[in-house]
Novice: 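Handing you this structure, nothing more for now.
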Amino acid sequence: MTTTKPATKQMLTILFLCIFWYIVSSSNNVIGKMILSEFPYPMTVTIIQLASITIYSGPFFNLWGVRKYVDISWRYWLHWIVPLALGKFLASVTSHISIWKVPVSYAHTVKATMPLFTVILSRIIMKEKQTKPVYLSLIPIIVGVGIATMTELSFDMLGLISALIATMGFSLQNIFSKKVLKETGVHHLRLLHILGRLALFMFLPIWIYFDLFQVIKHPAITTGDYRVIALLFADGVLNWLQNILAFSVLSIVTPLTYAVASASKRIFVIALSLFILGNPVTSLNILGMLIAILGVLCYNRAKYYSRIHKDSILPYTSTSTSNIKYKQLDSSSELLANNNYRYQNGGNNHYQNGGANLSTNSNLLLNNSTNSNFSTSKLLFV
């Protein structure tokens with residue numbers, strides 16, 4: 001009973017977070033479409049969302065006990081953080097342009113091509129090779145998006161191109177954000193805050209130059225249309241909350257569960273937008289959307305199992321040493337002279353074992369800079 005209750009509680013928590021995430025994300029997209037239909041300034045909507053991330057994240061993250069920033073060198077900042085902030089802004093602007101020009105359902109169907117961009121960009125940038133099932137899972141995604149595009153009644157070329165650029169931008173963010181999180185150890189929510197704040201200050205002058213003077217002359221502003229202003233405020237809050245919920249779900253479930261939940265969220269957004277906004281669709285259009293989403297689910301499953309297979313291939317100890325290769329140390333080393341091996345534990349304590357059964361030409365160096373507990377995954381054979 002003691003193990004069943006916590007498991008049930010966790011399942012209910014995940015279910016609640018997912019439902020809340022779906023509702024917030026769908027509402028954010030529907031409200032975004034409503035705003036841009038009456039207030040066609042995608043850059044202004046983006047700036048408001050970035051301002052929301054900047055204003056709300058600091059005090060709320062401190063209240064929730066999210067760990068503080070880590071020290072990042074200026075060189076690393078300029079090399080990785082600034083391009084990430086640039087990509088966040090451009091991806092957000094083009095995403096809003098796509099929602100402005102085409103229906104929400106079609107924009108999210110095009111965004112289902114993100115695995116395709118991720119595979120291609122990871123191959124070019126990170127030199128990563130995927131398994132055959134991963135490559136095969138991309139076929140239904142391409143076919144589904146193609147069918148949805150050909151049968152889209154409200155097709156717009158600018159909307160399609162913007163959606164593709166936004167998808168590629170989000171793919172690049174995913175790739176490089178993982179790299180930054182791994183190398184710096186910064187909390188993912190703090191990274192969201194950093195990128196949002198940096199992107200806001202970087203592009204505030206550009207927004208002032210291109211949008212500000214047109215925005216203040218718009219009838220919604222000059223006449224004090226509180227409906228548009230309220231929708232802009234709600235859009236900023238919902239966008240910030242959507243990011244928080246997505247990270248919260250990711251922190252308590254497996255990558256595969258999160259990937260399935262994310263794909264299911266896209267189905268929920270498409271269905272709710274069709275119901276509320278009522279844009280016309282055909283049966284072939286819906287079929288294309290479903291095929292694309294099914295392809296995303298297949299991709300997530302193939303990617304997950306390929307990762308498990310890769311992680312299962314780890315160094316291990318064996319009674320037979322025929323398959324283990326050791327790097328010969330310098331003959332002038334004290335280790336070779338005494339036929340010993342050394343265990344280093346981050347400090348200056350050295351333990352020598354004169355009775356080790358090691359030949360002069362085969363020596364083992366064990367490095368563990370964290371603690372004194374041995375773990376197979378931390379043993380390094382050179």
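When a residue number appears, it is its place in the shown sequence, counting from 1.
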Novice: Check whether V66 and I55 end up in the same hydrophobic cluster, where Ile, Leu, Val, Met, Phe, Trp and Tyr are linked by side-chain heavy atoms less than 4.5 Å apart.
Specialist: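 Cluster IDs for V66 and I55 match.
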Novice: Rounded to the nearest 0.5 Å, how far does CG of L238 lie from CD1 of I23?
Specialist: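 If I round to the nearest 0.5 Å, the distance is 11.5 Å.
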Novice: Indicate yes or no: at least one non-hydrogen side-chain atom of H108 is less than 4.5 angstrom from one of I293.
Specialist: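 H108 does not reach I293 side chain to side chain.
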Novice: For W207 and T46, run side-chain contact (heavy atoms from CB on, under 4.5 Å): C-alpha distance rounded to whole Å, both residues' side-chain angles, the deciding distance at 0.1 Å, then the answer.
Specialist: CA-CA 10 Å; W207 171 76; T46 299; over 6 Å; no
Novice: Is I216 reachable from Y226 through a run of hydrophobic residues whose side-chain heavy atoms are each under 4.5 Å from the next?
Specialist: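 Looking at the clustering, I216 is in a separate group from Y226.
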Novice: Do L136 and Y305 sit in one hydrophobic cluster, given that two such residues count as connected whenever their side-chain heavy atoms are within less than 4.5 Å of each other, even indirectly?
Specialist: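 Different clusters: L136 never reaches Y305 through Ile, Leu, Val, Met, Phe, Trp or Tyr contacts under 4.5 Å.
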Novice: Kindly indicate whether the side chain of M289, heavy atoms from C-beta on, has any atom under 4.5 Å from the side chain of S105.
Specialist: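 With C-beta onward as the side chain, the pair touches.
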Novice: If you take all heavy atoms of L192 and K88, which pair is closest and at what distance?
Specialist: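 L192 and K88 have their closest heavy atoms at CD1-NZ, 4.0 Å.
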Novice: Could you go through the side chain to side chain donor-acceptor pair (under 3.5 Å) check for H187 and R67 one step at a time?
Specialist: CA-CA 7 Å; H187 194 281; R67 67 174 182 267; 4.7 Å; no
Novice: Would you call N285 and L153 a side-chain contact if the rule is heavy atoms closer than 4.5 Å?
Specialist: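 SC-SC contact between N285 and L153 ruled out.
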Novice: Parallel, tilted or perpendicular, judged at 30° and 60°: which one describes the rings of F268 and Y22?
Specialist: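 Correct class here is tilted.
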Novice: Considering non-hydrogen atoms only, spot the tightest contact between H218 and P40 and give its length.
Specialist: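 It is NE2-CD, 4.1 Å.
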Novice: Quick check for you: to the nearest 0.5 Å, what is the distance between L191 atom CG and Q173 atom CD?
Specialist: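 Separation between the atoms: 9.5 Å.
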Novice: Could you tell me which non-hydrogen atom of P42 sits nearest to which non-hydrogen atom of V93, and how far apart they are?
Specialist: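 The answer is CB-O, 4.1 Å.
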Novice: Could you give the distance from CD1 (I31) to CG (L36), rounded to the nearest 0.5 Å?
Specialist: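 I31 atom CD1 to L36 atom CG measures 12.0 Å (nearest 0.5 Å).
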Novice: Let's go through Q242 and K265 carefully: what are the C-alpha distance in whole Å and the side-chain angles of both, what is the deciding distance for side-chain contact (heavy atoms from CB on, under 4.5 Å) to 0.1 Å, and is it a yes or a no?
Specialist: CA-CA 11 Å; Q242 179 187 188; K265 183 208 75 172; 3.8 Å; yes
Novice: Is a side-chain N or O of T118 found less than 3.5 angstrom from the main chain of M114, in a donor-acceptor match?
Specialist: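 A pair under 3.5 Å: yes.
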Novice: State plainly whether one hydrophobic cluster holds both I267 and V30, where clusters connect Ile, Leu, Val, Met, Phe, Trp and Tyr through side-chain heavy atoms under 4.5 angstrom apart.
Specialist: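 No.
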Novice: Spell out, yes or no, whether I147 and F155 are grouped together once hydrophobic residues are joined by side-chain heavy atoms under 4.5 Å, including indirect joins.
Specialist: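 Cluster IDs for I147 and F155 differ.
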Novice: If you look at every heavy atom in I141 and A112, which pair is closest and at what distance?
Specialist: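 Smallest heavy-atom distance, with atoms named: CG2-O, 3.4 Å.
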Novice: Step through the shown structure and confirm whether more than 12 heavy atoms of other residues, nucleotides or ligands are within 6.0 Å of CZ on F60.
Specialist: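 For F60, atom CZ is not crowded (no more than 12 foreign heavy atoms under 6.0 Å).
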Novice: Would you call K129 and R123 a side-chain contact if the rule is heavy atoms closer than 4.5 Å?
Specialist: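 Yes, at least one pair of side-chain atoms sits under 4.5 Å.
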Novice: Please round to the nearest 0.5 Å and tell me the distance separating atom OG of S92 and atom CD1 of I47.
Specialist: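 Those atoms lie 9.0 Å apart.
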Novice: Are the side chains of I229 and D225 in contact, using a 4.5 Å heavy-atom criterion?
Specialist: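 No; the side chains remain at least 4.5 Å from each other.
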Novice: Could you verify whether a donor N or O on one side chain and an acceptor N or O on the other, from S137 and K303, lie under 3.5 Å apart?
Specialist: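 On atom types as modelled, these side chains do not qualify, holding no pair under 3.5 Å.
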Novice: Working to the nearest 0.5 angstrom, can you tell me the gap between N29 CG and N239 CG?
Specialist: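 It is 9.5 Å, given to the nearest 0.5 Å.
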Novice: Mind listing the closest non-hydrogen atom pair of S25 and V269 along with its distance?
Specialist: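 Closest approach of S25 to V269, heavy atoms only: OG-CG2, 3.8 Å.
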Novice: Do the side chain of T113 and the main chain of L116 share a donor and acceptor less than 3.5 angstrom apart?
Specialist: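 No; judged by distance alone, with no hydrogens or angles, the pair does not exist.
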Novice: Could you tell me whether the side chain of H96 and the main chain of T44 form a donor-acceptor pair under 3.5 Å?
Specialist: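 A pair under 3.5 Å: no.
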Novice: Determine whether a donor-acceptor pair (N or O, by modelled atom type, separation under 3.5 Å) exists between the side chain of H193 and the backbone of L189.
Specialist: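 No.
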Novice: Can you confirm whether more than 12 heavy atoms, excluding those of N62, are under 6.0 Å from its CG atom?
Specialist: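 Result for CG/N62: enclosed.
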Novice: Can a donor-acceptor pair be found, under 3.5 Å and without considering hydrogens, that links the side chain of N300 to the backbone of V296?
Specialist: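 Yes; at least one donor-acceptor contact below 3.5 Å.
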Novice: Apply side-chain contact (heavy atoms from CB on, under 4.5 Å) to the pair S273 and Y106, showing each step before the final yes or no.
Specialist: CA-CA 10 Å; S273 67; Y106 177 62; over 6 Å; no
Novice: Describe, in one word, how the ring planes of Y76 and W80 are oriented to each other, choosing from parallel (under 30°), tilted (30 to 60°) and perpendicular (over 60°).
Specialist: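 Answer is tilted, since the angle falls between 30° and 60°.
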Novice: Donor-acceptor pair, distance only, cut-off 3.5 Å: does the side chain of S162 make one with the backbone of G159?
Specialist: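 Checked: no pair found.
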Novice: Is any side-chain heavy atom of F117 less than 4.5 Å from a side-chain heavy atom of F170?
Specialist: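 No, every pair of side-chain atoms sits at 4.5 Å or beyond.
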Novice: Report, as yes or no, whether the 6.0 Å neighbourhood of atom CH2 on W64 holds more than 12 heavy atoms from other residues, nucleotides or ligands.
Specialist: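 Enclosed.
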Novice: Locate the shortest heavy-atom distance separating T109 from A148; write the atom from each residue and the value.
Specialist: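 Looking at all heavy atoms of both residues, the closest pair is CG2-CB, 3.7 Å.
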Novice: Can you spot which of F210, F89, Y209 makes a ring pair (Phe, Tyr, Trp, His ring centres under 6.0 Å) with F203?
Specialist: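 The passing option is F89.
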Novice: Without swapping roles, check the side chain of S95 against the backbone of A91 for a donor-acceptor pair under 3.5 Å.
Specialist: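 Checking the backbone N and O of A91 against the side chain of S95, no donor-acceptor pair under 3.5 Å is found.
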Novice: Please lay out, stage by stage, how Q49 and N28 fare under the test side-chain contact (heavy atoms from CB on, under 4.5 Å).
Specialist: CA-CA 11 Å; Q49 290 184 352; N28 186 212; 4.2 Å; yes
Novice: Would you say N279 and L274 make side-chain contact, with heavy atoms under 4.5 Å?
Specialist: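 The answer is yes, as the side chains (C-beta and beyond) meet within the 4.5 Å cut-off.
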Novice: Less than 4.5 Å apart, side chain to side chain, heavy atoms only: is that true for W77 and V82?
Specialist: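 W77 vs V82: side chains touch.
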Novice: Working to the nearest 0.5 Å, report the span between NZ of K33 and CG of D235.
Specialist: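 Rounded to the nearest 0.5 Å, the NZ-CG separation comes out at 13.5 Å.
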